[in-house]
Undergrad: 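Below: one structure in C-alpha cells.
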Amino acid sequence: MAHDQTTGAGATSDEAIKTYVMGLQNAHALEKQAIQLINRQLERIDHYPEVATALRKHHAETEGQIGRIEAMLHELGSDASKLKDLATQMAGNLAALGHTVMPDEILKNHFANCAFEAFEMATYKSLIAMARTTGHAAHVPMLEANLREEEATFQTLQGMTADLSAKFLQRIGAGQKADR
Ligand SMILES: [Fe+2]
C-alpha cells in the first residue's frame, strides 16, 4: 500500500481498482433499491398525482442509470447479474422509512426521497473522483449523466416541499384523507 498514490496522478493499484469496482456495485444496489422504493410509493399514492408523476419520471431515469452502471461493471469484468445487491446500511434505513405506514406517510416518504437523492449525489461524486484516480476517466461522462439526473430530481423534490406540505394540511383541514 505504501506505493499507492492517492492524490495527484492517481491510484492504480489492484486494491484501488477493486475499491472502485465495489463502489460501482454499491451504486448498482442503491439504484435497485431506488426502483423498489419508487414502486412501493407508486402503489400507494392516492391523492398526490404530482408526486406520482415525479416518481414515475425518475423511475425511468433510474432504469437508465442501472444500465450505465452495468456497462461500466461489464467493462471491468464484473458481472452485474451476479451481484447480490445488498444495499448499504444507510440506504436500507432510508428505504425502510418509505415502507412505514404513517398518518403523514406522503411527507415522510418525501423526506426519505430527498435524503435518498442526496445519498445518490454523494455516491456519484465519489465515483467520479475514483474513476479519474484509478485511470477510468472514460467512465466519467456516464457517472456525470447519473449525477445530473439525481441533482435534477433532488431539486424537483425540494421544490415540491412547500406545496406538498400545504396541500397535506388543507386536506386534513377539509376532513379529507391526506396520508397518501
Ligand atoms: Fe435517484
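The structure displayed is predicted, hence computed values, not measured ones. Ligands are counted one by one from 1 in listed order, and the atoms in each one are counted from 1 as well. When reading the values below, keep in mind they use all heavy atoms of this one structure, side chains included, and skip hydrogens, waters and symmetry mates.
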Undergrad: Ion pair present between E144 and R132, side-chain N to carboxylate O less than 4.0 angstrom?
TA: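 Counted as a salt bridge, because a side-chain N and a carboxylate O are separated by less than 4.0 Å.
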Undergrad: Taking all heavy atoms of A178 and all of I172, pick out the closest pair and write down the distance.
TA: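 Closest approach of A178 to I172: CB-CG1, 3.8 Å.
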Undergrad: Please determine whether a side-chain nitrogen of the Lys or Arg among D46 and R44 lies less than 4.0 Å from a carboxylate oxygen of the Asp or Glu.
TA: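 Result for this pair is no, no salt bridge flagged.
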Undergrad: Of all N, O or S atoms in E120, identify the one at the shortest distance from the Fe ion (ligand 1).
TA: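 For E120, the N/O/S atom sitting closest to the Fe ion (ligand 1) is OE1.
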Undergrad: Restricting to N/O/S atoms, is E61 within less than 2.8 Å of the Fe ion (ligand 1) or not?
TA: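 False for E61.
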Undergrad: With respect to Y20, which candidate in H136, H139, E15 satisfies the side-chain hydrogen bond (donor to acceptor under 3.5 Å, both in side chains) definition?
TA: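 That would be H139; it is the only one of H136, H139, E15 passing the side-chain hydrogen bond (donor to acceptor under 3.5 Å, both in side chains) with Y20.
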Undergrad: Please work out the angle at the Fe ion (ligand 1) defined by atom NE2 of H58 on one side and atom OE1 of E150 on the other, rounded to 10°.
TA: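 H58 NE2 and E150 OE1 form an angle of 90° at the Fe ion (ligand 1).
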Undergrad: Could you tell me whether the Fe ion (ligand 1) has an N, O or S atom of E149 under 2.8 Å away?
TA: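 Under 2.8 Å: E149 has no N, O or S contact with the Fe ion (ligand 1).
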